[in-house]
Amino acid sequence: QVHLAESGGGSVQAGGSLTLSCSASGRKIDEYCMGWFRQAPGKGREGVAVIDRDGSPTYKDSVKGRFTISRDNAKNIVLLQMTSLNAEDSATYYCAADSCVLVPYTDYLWGRGTQVTVSS
């Protein structure tokens, strides 16, 4: 079974940048669509970006042009490069396997999350 571990979260000022990493073990990520989802306090989980097995990405409208999802199958990691961060990006960010669409289905394979806090 695949196990996912997120890293790279932290606190940044508005307008800053941060890159999150999702490291997989147990299975090769080239078997899966991969994605990033987030959840702010008091809100539901939402899709941020997903990437197909062929490398084609899909983004939530509000992050288009600011975030980039990529995959390195040789290293078995998925990255989320985030720029021009604002307070609305503050959330716990989760990596998910078998996530081919932005809908956060509960039967995806989830990591435990990493916190991103953007100060205004």
Side-chain angles (χ1 to χ4, degrees):
Q1 187 70 274
V2 66
H3 299 277
L4 305 174
E6 302 94 337
S7 62
S11 298
V12 297
Q13 293 185 327
S17 300
L18 202 61
T19 297
L20 306 182
S21 179
C22 173
S23 178
S25 61
R27 304 289 290 176
K28 290 292 188 181
I29 64 166
D30 61 11
E31 302 176 12
Y32 303 100
C33 299
M34 301 294 296
W36 288 96
F37 299 76
R38 68 188 184 189
Q39 187 166 19
K43 296 185 177 181
R45 191 167 298 186
E46 64 179 4
V48 177
V50 296
I51 186 166
D52 294 337
R53 291 178 63 190
D54 66 357
S56 297
T58 303
Y59 297 97
K60 174 181 173 63
D61 285 345
S62 64
V63 309
K64 289 180 179 177
R66 300 190 298 119
F67 291 11
T68 302
I69 187 171
S70 61
R71 61 193 302 155
D72 187 335
N73 291 338
K75 295 182 178 179
N76 224 32
I77 61 171
V78 180
L79 302 177
L80 184 67
Q81 300 175 81
M82 305 184 293
T83 63
S84 300
L85 287 164
N86 56 58
E88 288 69 44
D89 297 315
S90 294
T92 301
Y93 283 70
Y94 299 90
C95 181
D98 208 23
S99 51
C100 298
V101 296
L102 291 172
V103 180
Y105 292 113
T106 57
D107 59 351
Y108 292 162
L109 303 171
W110 296 96
R112 293 187 180 275
T114 186
Q115 180 67 42
V116 172
T117 302
V118 183
S119 60
S120 59

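For the numbers below, each heavy atom of this structure counts, side chains included, while hydrogens, waters and symmetry mates do not.
Using a distance-only test at 3.5 Å, with no hydrogens or angles considered, no donor-acceptor pair links the side chain of T117 to the main chain of S90. Y32 contributes no side-chain N or O that, together with a main-chain N or O of A96, makes up a donor-acceptor pair within less than 3.5 Å. The main-chain N or O of C95 is found under 3.5 Å from a side-chain atom of E6 such that the two form a donor-acceptor pair.
Put simply, the side chain of L20 reaches to within 4.5 Å of the side chain of M82, judged on heavy atoms. Between Q1 and L109 there is a side-chain heavy-atom pair separated by less than 4.5 Å. Counting heavy atoms from C-beta on, the side chains of M34 and L4 come closer than 4.5 Å.
Shown here are the salt bridge (Lys or Arg N to Asp or Glu O under 4.0 Å) partners of K60, two or more places apart in sequence or in another chain: E46. By the salt bridge (Lys or Arg N to Asp or Glu O under 4.0 Å) test, R66 pairs with D89, sequence neighbours left out. With sequence neighbours excluded, the residues satisfying side-chain contact (heavy atoms from CB on, under 4.5 Å) with S56 are D52, D54.
Membership of the apolar cluster around V101 extends to F37, V50, Y94, L102, V103, Y105, Y108, W110, as traced through chained side-chain contacts below 4.5 Å between ILVMFWY residues.
Separation of atoms OH (Y93) and OG (S7) is listed at 15.0 Å; rounding is to 0.5 Å. Distance check, rounded to the nearest 0.5 Å: CD1 of I51 to OG of S99 gives 10.5 Å.
Pairs of residues two or more places apart, or lying in two chains, never qualify as salt bridge (charged side-chain N to carboxylate O under 4.0 Å, His left out) while including a residue from residues 98-114. Pairs engaging residues 71-88 under the side-chain hydrogen bond (donor to acceptor under 3.5 Å, both in side chains) rule: R71-N73 [sequence neighbours left out].
The nearest pair of heavy atoms linking A14 to S120 is CB-CA, 4.2 Å. Taking all atoms of both residues into account, the shortest heavy-atom contact from W36 to I69 is CD1-CD1, 3.7 Å. The shortest heavy-atom contact between A40 and A91 is N-CB, 3.9 Å.
A continuous path of hydrophobic side-chain contacts links L18 to Y59 [ILVMFWY only; heavy atoms under 4.5 Å]. Under the 4.5 Å side-chain heavy-atom criterion for grouping Ile, Leu, Val, Met, Phe, Trp and Tyr, V2 is not connected to L79 through any hydrophobic cluster.
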